[in-house]
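Computed from a predicted model, the values in this text were never measured in an experiment. Whatever order the structure lists ligands and atoms in, that order sets their numbers, starting from 1.
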Amino acid sequence: MSRKKTPKSKGASAPAASVLPAANGSRPARPGIARPGPQVRPNGPPQLGRPSLGSGDFYDVTFKVMLVGDSGVGKTCLLVRFKDGAFLAGTFISTVGIDFREPPTRGQHCPSRWAQWSWLVVFQNKVLDVDGMKVKLQIWDTAGQERFRSVTHAYYRDAHALLLLYDVTNKASFDNIQAWLTEIQEYAQHDVVLMLLGNKVDSAQERAVKREDGEKLAKEYGLPFMETSAKTGLNVDLAFTAIAKELKQRSTKAPSEPRFRLHDYVKREGRGASCCTP
Ligand SMILES: Nc1nc2c(ncn2[C@@H]2O[C@H](COP(=O)(O)OP(=O)(O)OP(=O)(O)O)[C@@H](O)[C@H]2O)c(=O)[nH]1
Ligand SMILES: [Mg+2]
């Protein structure tokens, strides 16, 4: 990733939410922020695979992916779409904390269940088959609200990849991308895989950020870029698959394999907004 120096973020954070470590396996009584458990690995060599007995989630290698961006851009919805193939329509419930446990009953999530959980950030695991290798993505949603920024920073350094979202119907969320990049530069690993996503392209009539502007910004910072819709699913699987392919390539480093080119891949495979309007 080639990153340009950006001006220091003006986004001064208000005091972070109180830290409320959650007891293992039980839901905290109120929104809170737990500290990373032992399962959280620092960035660097990916964790080698092990079968997680009982869950059926066998994998060869695992990576931590984080979703970041302003509040309301659709991070939680993007994760729900990828994990469950569903869309959280209706009332917007902002994510206001971080939690490290998986939801209580695997395989039984539904939108309403997610809505109940959306005041916590629940990481989700998804195992993808990438060219014959089982790649487990541990995907972390974060609270986009500025008052939680100082808390979410702390988790960047563990991340192997970051999906940075803005909302194409919200110009301010696009204008804030530079500040996000400054934060990422400051807190994430220098070799973190980063992708810019312009979400909500299904809302064509409310569009406030042109596709070309997203492309221009991405080019300026050397980032792969796509427009997505958590509502229709446009390019959602592709974004995560592309990240998984890039991370897998970096970790295996097989000289015989043709080099995976993330930028080319998303350019080639990404679909335009007009393709999937409901
Ligand atoms: N039309 C449309 N609406 C979306 C899309 N993605 C999310 N939304 C809506 O946007 C609102 C915010 O979505 P969230 O996923 O909760 O936003 P967030 O980025 O997680 O926000 P924070 O948790 O506060 O950081 C909700 O009302 C969603 O239904 C999309 O692709 N298209
Ligand atoms: Mg959220």
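In this model, a donor atom of one side chain and an acceptor atom of the other lie less than 3.5 Å apart for Gln178 and Tyr221. Side-chain atoms of Asp70 and Ser173 include no donor-acceptor pair closer than 3.5 Å. Judged by distance alone, the side chains of Asp141 and Thr76 do bring a donor and an acceptor atom under 3.5 Å apart.
Ligand 1 places these atoms under 4.0 Å from at least one heavy atom of Ser71: 21 (O), 22 (P), 24 (O), 25 (O). The atoms of ligand 1 that sit less than 4.0 Å from any heavy atom of Asp70 are 19 (O). Atoms of ligand 1 found under 4.0 Å from any heavy atom of Ala230, numbered from 1 in the order shown, are 6 (N), 30 (C), 31 (O). Per-residue contacts place Gly144 under 4.0 angstrom from the following atoms of ligand 1 (heavy atoms of the residue considered): 22 (P), 25 (O). Atoms of ligand 1 found under 4.0 Å from any heavy atom of Ser229 (numbered from 1 in listed order, with element): 31 (O). Each of the atoms 1 (N) of ligand 1 lies under 4.0 Å from some heavy atom of Ser203.
Within the 2.8 Å limit, Thr76 places at least one N, O or S atom next to the Mg ion (ligand 2).
Counting heavy atoms closer than 4.0 Å to ligand 1, residue Thr76 contributes atoms from both its backbone and its side chain. Under 4.0 Å from ligand 1, not a single heavy atom of Asp167 appears. Residue Cys77 touches ligand 1 through backbone and side chain together, judged by heavy-atom distances below 4.0 Å.
Side-chain N or O atoms of His263 include one that pairs as donor or acceptor with a backbone N or O of Gly222 at under 3.5 Å.
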### Query
Between Leu163 and Met66, is a side-chain contact (heavy atoms from CB on, under 4.5 Å) present by the stated rule, with each step listed?
CA-CA 6 Å; Leu163 291 178; Met66 283 180 76; over 6 Å; no
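Ion pairing between a basic and an acidic side chain is recognised when a charged N comes within 4.0 Å of a carboxylate O; Glu212 and Lys219 show no such pairing. By the 4.0 Å N-to-carboxylate-O rule, Lys216 lies too far from Glu220 to be salt-bridged with it.
Of all the listed residues (Lys75, Glu227, Arg81, Lys200), Lys200 holds the heavy atom that lies closest to atom 30 (C) of ligand 1.
Close N/O approach between Asp141 and ligand 1 is not found [any backbone or side-chain N/O within under 3.5 Å].
In this structure, Trp140 and Tyr155 have parallel ring planes: the angle between them is below the 30° cut-off, well short of the 60° mark.
At least one test fails for Lys126 against the ring of Phe240: distance under 6.0 Å to the centre or angle within 45° of the axis.
Not a single heavy atom of Thr228 sits under 4.0 Å from any atom of ligand 1.
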